[in-house]
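Bear in mind that the values here come from a model prediction, so they are computed numbers and not experimental data.
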Amino acid sequence: MTEIFINGAVTTMDEERPQAEAFAVRDGVFTFVGTKEEARKLAGELKAAQESVIFTDLKGKSVLPAFQDSHMHFVGFAKHFINVDLNGCTSIQMMQQRFRDRLSQCGPDDRSWLEATGWNQDYFTEGEKRFPTAKDLDKVTGDRPVIALRVCEHVGVVNSAGMRLLGLTRESVRGLGDFALTDEAGEPLGIFKERVLDRIRSQVHTLNREILEDILLKAQEEAFSYGLSTIQTDDIGFMPDEDYKLLFSVYRDLLESGKLKIRICQQSLRQTPERIRKYYEDGFRYGGEDHHLRITGIKLLQDGSLGARTAGLREPYADDPSTCGLTIFTEEQLDELVKTAHDLGYPVLVHAIGDRAIEMVLDALERDKKNRKAGETYRDGIVHVQITDGELLERFKRQQVMALVQPIFIDYDMHIVRDRVGEAADTSYAWKTLVDKGVRVSFGTDCPVESCEPLPNIYTAVTRRNLTGEEQQTYRPEERMSVYEAVRAYTVEGAYASGEEDVKGRIREGMLADFIIPDRDLFALADEEELKEAKILATYIDGEKVYQRA
């Protein structure tokens with residue numbers, strides 16, 4: 001059967017045919033894109049050939065290719081359905097109350113781990129703007145082990161019960177330096193960062209197959225309501241013991257059952273050469289023909305976050321000269337990781353926010369390329385790309401490195417960036433400059449750090465204005481992108497980032513029929529502020545309607 005959609009205002013994101021009035025879908029693929037007259041002619045030909053045809057009248061509504069988030073954490077997002085939500089807390093006391101509220105719903109003998117996410121000390125208006133400590137949590141959590149992650153998820157606090165369970169003592173944290181904070185007597189404060197925090201999180205066991213299946217399907221429904229058909233996701237670090245076999249088994253079972261329809265592209269967190277090789281030996285290879293579940297690269301973390309002052313900078317933080325942040329790997333370690341991944345056919349996708357971290361990644365990629373055969377290339381990318389200067393931006397183009405960015409970050413960061421990095425704020429978050437240079441720039445949200453809703457992300461890219469806060473502000477307006485550029489970053493460039501530009505990202509004959517119907521034409525708005533009000537009416541994957549706005 002062929003379904004023909006007519007009377008639409010279709011923006012195809014296809015340079016060969018930018019606009020259309022109608023399109024046809026059969027077996028999950030676009031089989032025709034064109035005018036109403038051409039559609040009617042096609043219908044006649046199909047009926048003459050005794051083929052079944054149905055018509056769907058779009059009644060003048062706008063149509064776009066479905067959105068693709070180029071970097072998020074789908075399991076982390078899904079866990080928000082079971083975690084304690086600390087977003088919006090304006091004090092440590094408010095955090096404590098959120099824990100009291102949750103614990104009041106639990107049995108008195110429950111000693112399972114309780115996870116929480118979303119606190120941000122910069123939003124604390126009562127008392128000090130400091131990280132909470134184990135003692136702060138102990139006042140309300142007692143013997144229940146608890147881990148509470150900062151909104152960036154690069155810093156977390158574990159209560160005393162949790163530290164006892166994990167064997168985190170004065171002796172065991174000695175030598176961890178800035179990754180495990182201690183008091184003047186050397187006792188752990190319960191505050192852990194980056195790779196040490198990653199190890200701790202992998203030992204916190206709250207997920208099993210049944211829970212994971214349930215929350216993934218709930219997360220899928222929310223993602224559909226935002227117009228997302230594909231998510232490029234870094235999930236392994238959110239699994240107990242980084243159990244990627246369980247993760248992929250759950251995904252495959254849900255896909256085979258027909259319950260999971262969203263497309264999953266795994267950015268695989270493997271932080272040592274040995275783990276990369278073991279992943280490969282276990283059969284988890286780059287790419288493949290499955291466009292519902294595929295591996296798109298090896299994910300590495302080279303620094304932390306700006307808000308937590310763990311992003312790796314060339315110069316000391318302007319508001320804390322005692323630190324330049326953190327860089328996770330040395331030059332030699334990065335070289336070995338990149339070489340190992342490339343030797344096994346994986347691109348690398350590296351989290352780097354600070355200028356020092358970005359520079360180190362670009363250096364490592366450049367050195368590796370010199371040792372490759374002519375024409376041997378990898379679709380490598382840097383995730384976040386926040387603190388930059390002109391030379392770093394030029395290197396992205398020269399080295400053909402992708403930028404997987406999150407414009408929504410400036411909603412918060414515009415209020416702190418100058419305090420953190422001084423004059424470097426004038427050359428940072430420069431995504432329009434990258435686009436103008438011809439760099440492949442795709443959009444994501446880093447959800448659950450931010451909501452995975454694309455339209456607010458597009459709004460911040462187009463206006464460079466904040467969404468929250470009492471006063472509307474603008475940060476570096478010269479870096480504004482057009483609505484078309486922003487939508488392209490969410491469609492065409494998202495497909496490129498996952499190595500699927502030949503089958504996704506455009507409404508074109510032969511491509512997968514993933515498309516959305518917004519409630520207004522995003523390219524014909526009288527006021528850009530309308531982007532904040534826009535909603536998705538329907539989402540289609542493989543030509544099947546998976547979401548309809550009530």
Colleague: State which residues pass side chain to side chain donor-acceptor pair (under 3.5 Å) with His80; sequence neighbours excluded, sorted by chain then number.
Modeller: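 Partners of His80 by the side chain to side chain donor-acceptor pair (under 3.5 Å) criterion, ordered by chain and then number, come out as Thr117.
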
Colleague: Scan residues 83-106 for pairs that pass salt bridge (Lys or Arg N to Asp or Glu O under 4.0 Å), counting only residues two or more places apart or in two chains.
Modeller: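 Matches after skipping sequence neighbours: none remain.
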
Colleague: Are Arg263 and Gln68 linked by a side-chain donor-acceptor pair shorter than 3.5 Å?
Modeller: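 Per modelled atom types, Arg263 and Gln68 side chains form no pair under 3.5 Å.
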
Colleague: Just by distance, with hydrogens left out, do Ser112 and Arg144 show a side-chain donor and acceptor under 3.5 Å apart?
Modeller: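 The answer is yes; a qualifying pair exists.
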
Colleague: Say whether His154 and Asp303, considering side chains only, have a donor N or O and an acceptor N or O under 3.5 Å apart.
Modeller: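 Note: His154 and Asp303 side chains miss the donor-acceptor criterion.
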
Colleague: Restricting to side chain to side chain donor-acceptor pair (under 3.5 Å), what partner residues turn up for Thr233, sequence neighbours left out?
Modeller: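 Partners of Thr233 by the side chain to side chain donor-acceptor pair (under 3.5 Å) criterion, ordered by chain and then number, come out as Asp235.
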
Colleague: What pair of heavy atoms forms the shortest contact from Cys265 to Thr230, and how long is it?
Modeller: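 Closest approach of Cys265 to Thr230, heavy atoms only: SG-CG2, 3.9 Å.
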
Colleague: Do Val146 and Val158 have side-chain heavy atoms sitting under 4.5 Å apart?
Modeller: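 Result no, sub-4.5 Å side-chain heavy-atom pair not found.
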
Colleague: Compute whether any side-chain donor of one residue and acceptor of the other, for Asp138 and Ser160, lie under 3.5 angstrom apart.
Modeller: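 A donor-acceptor contact under 3.5 Å links the two side chains.
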
Colleague: Are the aromatic rings of Phe409 and His384 close, with centres under 6.0 Å apart?
Modeller: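 That pair passes the under 6.0 Å test.
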
Colleague: Which atom pair, heavy atoms only, marks the closest approach of Leu301 to Gln271?
Modeller: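 In this case the closest contact between Leu301 and Gln271 is N-OE1, 3.0 Å.
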
Colleague: Can you confirm if the aromatic rings of Tyr279 and Phe284 lie within a centre distance of less than 6.0 Å?
Modeller: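 Ring centres of Tyr279 and Phe284 closer than 6.0 Å.
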
Colleague: Taking salt bridge (Lys or Arg N to Asp or Glu O under 4.0 Å) as the test, write out the residues that go with Arg277, two or more places apart.
Modeller: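 Testing Arg277 for salt bridge (Lys or Arg N to Asp or Glu O under 4.0 Å), a comparison that skips the adjacent residues, returns Glu274.
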
Colleague: Kindly write out the residues that satisfy side chain to side chain donor-acceptor pair (under 3.5 Å) with Arg270, not counting sequence neighbours, or none if the list is empty.
Modeller: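 Arg270 satisfies side chain to side chain donor-acceptor pair (under 3.5 Å) with Glu242 only.
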
Colleague: Minimum heavy-atom separation for Gly156 and Leu197, please, with both atom names.
Modeller: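 Of all heavy-atom pairs spanning Gly156 and Leu197, the closest is N-CD2, 3.6 Å.
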
Colleague: Classify the angle between the aromatic ring planes of Trp431 and Tyr429 as parallel (below 30°), tilted (30 to 60°) or perpendicular (above 60°).
Modeller: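 Answer is perpendicular, since the angle exceeds 60°.
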
Colleague: Could you check whether any side-chain N or O of Arg476 sits under 3.5 Å from a backbone N or O of Asp426, counting only pairs where one atom can act as donor and the other as acceptor?
Modeller: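 Present.
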
Colleague: Could you tell me whether the side chains of Asp241 and Ser202 share a donor-acceptor contact shorter than 3.5 Å?
Modeller: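 Ser202 and Asp241 do not have a side-chain donor-acceptor pair below 3.5 Å.
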
Colleague: Pairing donors with acceptors under 3.5 angstrom, does anything connect the side chains of Tyr244 and Asp282?
Modeller: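 Their side chains do contain a donor-acceptor pair, which is all the 3.5 Å distance test asks for.
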
Colleague: With sequence neighbours excluded, what pairs up with Tyr123 under the ring pair (Phe, Tyr, Trp, His ring centres under 6.0 Å) test?
Modeller: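 With sequence neighbours excluded, Tyr123 shows a ring pair (Phe, Tyr, Trp, His ring centres under 6.0 Å) to Tyr412, given in chain and number order.
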
Colleague: Who passes ring pair (Phe, Tyr, Trp, His ring centres under 6.0 Å) against Tyr226, sequence neighbours left out?
Modeller: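 Applying ring pair (Phe, Tyr, Trp, His ring centres under 6.0 Å) to Tyr226 gives none.
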
Colleague: Please enumerate all residues that pass side chain to side chain donor-acceptor pair (under 3.5 Å) together with Thr460, with sequence neighbours excluded.
Modeller: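 With neighbours one apart ignored, the set is empty.
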
Colleague: Scan Ile82, Val204, Leu207 and name whichever one has a side chain to side chain contact (heavy atoms under 4.5 Å, CB included) with Glu115.
Modeller: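 Between Glu115 and the candidates, side chain to side chain contact (heavy atoms under 4.5 Å, CB included) is satisfied uniquely by Val204.
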
Colleague: Can you name the residues that form a ring pair (Phe, Tyr, Trp, His ring centres under 6.0 Å) with Phe238, not counting sequence neighbours?
Modeller: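 Residues passing ring pair (Phe, Tyr, Trp, His ring centres under 6.0 Å) with Phe238: His73.
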
Colleague: Considering only heavy atoms from C-beta outward, does the side chain of Tyr251 approach that of Gln266 to under 4.5 Å?
Modeller: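 Yes, at least one pair of side-chain atoms sits under 4.5 Å.
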
Colleague: Can a donor-acceptor pair be found between the side chains of Asp136 and Thr133 at a distance below 3.5 Å?
Modeller: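 The criterion, which ignores hydrogens and geometry beyond distance, is satisfied for Thr133 and Asp136.
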
Colleague: If you measure only the distance, is there a donor-acceptor pair under 3.5 Å linking the side chains of Asp69 and Thr445?
Modeller: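 Per modelled atom types, Asp69 and Thr445 side chains form a pair under 3.5 Å.
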
Colleague: Between Asp411 and Arg464 (salt bridge meaning N to carboxylate O under 4.0 Å), is one present in this structure?
Modeller: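 Not counted as a salt bridge, because no side-chain N and carboxylate O are separated by less than 4.0 Å.
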
Colleague: Using side-chain contact (heavy atoms from CB on, under 4.5 Å) as the criterion, list what pairs up with Arg367, not counting sequence neighbours.
Modeller: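 side-chain contact (heavy atoms from CB on, under 4.5 Å) list for Arg367, sorted by chain: Glu331, Asp335, Asp363, Ala364.
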
Colleague: What I'd like to find out is whether the side chain of Val348 reaches to under 4.5 Å of the side chain of Leu365, using heavy atoms alone.
Modeller: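 The answer is yes; the side chains approach within 4.5 Å.
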
Colleague: Which pair of heavy atoms, one from His415 and one from Thr468, lies closest together, and at what distance?
Modeller: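 Answer, listing the atom of His415 first, then Thr468: NE2-O, 4.4 Å.
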
Colleague: So, using ring pair (Phe, Tyr, Trp, His ring centres under 6.0 Å) as the criterion, who are the partners of Phe131 when residues are at least two apart?
Modeller: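 Trp119.
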
Colleague: Decide whether Thr433 and Glu479 meet the rule of one side-chain donor and one side-chain acceptor closer than 3.5 Å.
Modeller: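 On atom types as modelled, these side chains qualify, holding a pair under 3.5 Å.
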
Colleague: For His71 and Gln267, does a side-chain donor sit closer than 3.5 Å to a side-chain acceptor?
Modeller: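 Gln267 and His71 do have a side-chain donor-acceptor pair below 3.5 Å.
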
Colleague: Give, for atom CG of Leu326 and atom NZ of Lys193, the distance between the pair rounded to the nearest 0.5 Å.
Modeller: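 NZ of Lys193 is found 6.0 Å from CG of Leu326.
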
Colleague: Give a yes or no on whether the backbone of Phe329 and the side-chain of Thr327 come within a donor-acceptor separation of less than 3.5 Å.
Modeller: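 Side chain of Thr327 to backbone of Phe329: no pair is present.
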
Colleague: Show me the donor-acceptor pairs within less than 3.5 Å that the side chains of residues 176-185 make with the rest of the protein, sequence neighbours left out.
Modeller:
from, atom 1, to, atom 2, distance (Å)
Asp183, OD1, Ala185, N, 2.9
Asp183, OD1, Gly186, N, 3.0
Asp183, OD1, Glu187, N, 2.8

Colleague: Given the ring of Tyr280, does Arg285 sit roughly above its face, with NZ or CZ under 6.0 Å from the centre of the six-membered ring and within 45° of the axis?
Modeller: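 Flagged: Arg285 positioned over aromatic ring of Tyr280.
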
Colleague: Mark yes or no for whether His351, through its side chain, and Gly304, through its backbone, hold a donor-acceptor pair below 3.5 Å.
Modeller: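 Pair found, side chain donor or acceptor close to backbone of Gly304.
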
Colleague: Other residues, nucleotides and ligands only: do more than 12 of their heavy atoms fall within 6.0 Å of NZ on Lys129?
Modeller: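 Count over threshold, so yes.
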
Colleague: Can you confirm whether the side chains of Ser249 and Arg209 place a donor and an acceptor under 3.5 Å from each other?
Modeller: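 Yes.
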
Colleague: Quick one: are Gln406 and Glu450 in side-chain contact, heavy atoms under 4.5 Å?
Modeller: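 Side-chain contact under 4.5 Å: no.
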
Colleague: Looking at Asp413, Asp355, Asp319, which one forms a salt bridge (charged side-chain N to carboxylate O under 4.0 Å, His left out) with Arg420?
Modeller: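 That would be Asp319.
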
Colleague: Work out which heavy atom in Leu260 is nearest to a heavy atom in Ile264; give both atom names and the distance.
Modeller: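 Looking at all heavy atoms of both residues, the shortest contact is CD2-CG1, 4.3 Å.
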
Colleague: Charged N to carboxylate O below 4.0 Å: is that the case for Lys339 and Glu336?
Modeller: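 No, this pair does not count.
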
Colleague: Do the side-chain N and O atoms of Asn457 and Tyr490 include a donor-acceptor pair separated by under 3.5 angstrom?
Modeller: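 There is such a pair between these side chains.
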
Colleague: Would Glu529 and Tyr459 count as having a side-chain donor-acceptor pair, cut-off 3.5 Å?
Modeller: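 Their side chains do contain a donor-acceptor pair, which is all the 3.5 Å distance test asks for.
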
Colleague: Please report the interatomic distance CD1(Ile387) to CD(Glu359), rounded to the nearest 0.5 Å.
Modeller: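 It comes to 14.0 Å.
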
